[in-house]
Amino acid sequence: MGKDTLSITDNRTGKSYEVPIANGTIKAMDLRQIKASEDDFGLMTYDPAFTNTASCQSKITFIDGDKGILRYRGYPIEQLADKCTYLEVAYLILFGELPTKSQLDDWVKNITHHTFVHENIKKFMDGFHHDAHPMGMLVSTVGALSTFYPDSRNFRDPVNRLKQTYRLIGKMPTLAAFAYRHSLGMPYVYPDNDLGYAENFLSMLWRMSEPKYKPNPVLAKALDVLFILHADHEQNCSANAMRAVGSSHTDPYSACAAAVAALYGPLHGGANQEVLEMLAEIGSKDRVPEFIKKVKAGERLLMGFGHRVYKNYDPRARIIKETADKVFAVTGKNPLLEIAIELERIALEDDYFVKRRLYPNVDFYSGIIYQAMGFPVDMFTVLFAIPRTSGWIAQWQEMLLDPEQKIARPRQVYLGYDKRDFVPMEKRSEKILAEAGVR
Ligand code: ACO
């Protein structure tokens with residue numbers, strides 16, 4: 001085996017350089033020494049959307065996209081989904097090891113203790129329009145938490161950081177449930193701290209006049225499994241938002257609001273809502289080929305398919321499909337399932353999808369289960385945000401403790417004008433907006 005270095009010859013100057021290779025990467029800063037002339041800034045890499053750039057070193061989540069492998073802290077997702085509760089997995093993601101019995105009891109107790117929110121949060125909720133999207137409400141209220149906990153700016157203290165962690169994980173379901181109740185014009189339901197994490201969430205959503213809500217154990221368990229599957233997914237768009245915003249040393253609530261906002265988008269967590277809307281639009285199994293034709297013509301995206309990292313079946317989609325059977329045994333089958341299965345069958349055989357290695361992702365089946373469980377489509381992305389909170393905090397914490405990390409500040413390739421002289425108003429052109437298609 002040769003040396004762990006890369007030799008680069010700059011054909012502009014004929015000079016050669018040797019840069020170290022570590023963990024399958026070279027350091028972008030090692031390229032800066034490569035200059036065409038004395039006053040040259042030095043070579044950079046250009047990588048819009050980070051398609052081949054590692055922005056951090058991490059020990060949290062491992063994905064092998066070609067093999068369809070997902071592990072949290074080394075444990076396969078299949079084993080965790082089968083044997084753990086969500087809060088147990090959240091502990092693992094945050095602290096690196098599975099908790100002992102007493103560690104878990106303590107952890108659950110502390111998170112449960114922080115499920116209540118300040119009464120003023122209800123006033124914020126009341127200010128939203130009746131048809132406000134719950135993710136919009138979540139972005140705002142998570143951000144607003146920072147104003148209730150000004151001590152959270154002292155997050156360098158590990159004890160303080162842990163307290164914000166309890167609060168964020170504990171309060172997220174409460175905020176989500178309040179947003180849902182607001183959209184229905186129903187009174188908010190306070191947390192029931194006798195119930196488990198997923199059970200309490202269901203109670204806050206659906207309790208009516210009964211003194212105690214008894215969630216269906218199969219549905220509560222299914223939701224808990226779905227929470228495990230969504231807990232972390234390494235450097236995705238929202239984790240990157242959490243790290244980038246947190247790198248300015250803002251408080252964790254503000255950084256988390258940015259992560260929720262990133263998740264809201266239809267190319268990220270918003271895709272499960274889009275999947276359901278797509279399935280409803282297709283309407284019946286026999287109309288699937290017609291829809292696939294539109295996808296292949298580039299007129300539509302097959303929502304819930306494709307992934308930046310997975311070029312194989314998303315392992316979470318497989319577990320969700322199994323969970324669906326258990327849920328449907330209680331709720332009855334979602335009629336959209338038939339259309340989804342037909343879409344998957346045709347897509348997995350079709351050259352367009354095979355060539356591009358497009359497989360179902362986590363969002364393809366999750367919406368179908370959520371709908372069968374009684375969640376409105378608008379709530380789907382919220383169901384993603386609740387469990388992902390533990391992942392976001394873990395990514396944020398890892399970034400803070402990493403001595404190599406600094407404020408996230410990418411470079412750009414400037415292609416705009418060179419210096420030019422100011423143009424007085426009477427000489428300016430009307431053409432610009434017309435060319436941009438605005439006028
Ligand atoms: N339907 C049809 N064609 C697709 C799809 C799709 N869902 N996804 C990718 N492609 C095509 C692209 O058009 C492109 O084709 P081309 O090479 O002929 O131009 C090729 O496959 C490669 O796709 P990219 O867009 O370059 O892949 P990228 O890694 O940038 O995008 C993404 C990944 C955003 C997830 C994309 O697959 C997509 O838009 N999927 C639908 C939305 C979705 O389900 N998002 C949820 C992702 S999971 C999550 O965030 C939790």
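Note that ligands are numbered from 1 as they come in the structure, with each ligand's atoms numbered from 1 the same way. In what follows, every heavy atom counts, from backbone to side chain, and hydrogens, waters and symmetry copies are set aside.
Between Lys293 and Glu290 there is no salt bridge, since no side-chain nitrogen of the basic residue lies less than 4.0 Å from a carboxylate oxygen of the acidic one. Taking a cutoff of 4.0 Å between a charged side-chain nitrogen and a carboxylate oxygen, Glu322 and Arg318 do not qualify as a salt bridge.
In summary, the side chains of Tyr365 and Thr323 do not present any donor paired with an acceptor at a separation below 3.5 Å, with no hydrogens or angles considered. Residues Glu398 and Ser58 bring a donor and an acceptor atom of their side chains to less than 3.5 Å of each other.
Between Tyr310 and His233, the ring planes lie tilted relative to each other; the angle falls in the 30° to 60° range.
Aromatic ring centres of Phe380 and Phe375 lie farther apart than the 6.0 Å criterion allows.
Near ligand 1, Leu267, His268, Ala271, Val295, Leu301, Leu302, Met303, Gly304, Phe305, Gly306, His307, Arg308, Tyr352, Arg356, Leu358, Asn361, Val362, Asp363, Phe384 each place a heavy atom less than 4.0 angstrom from the ligand.
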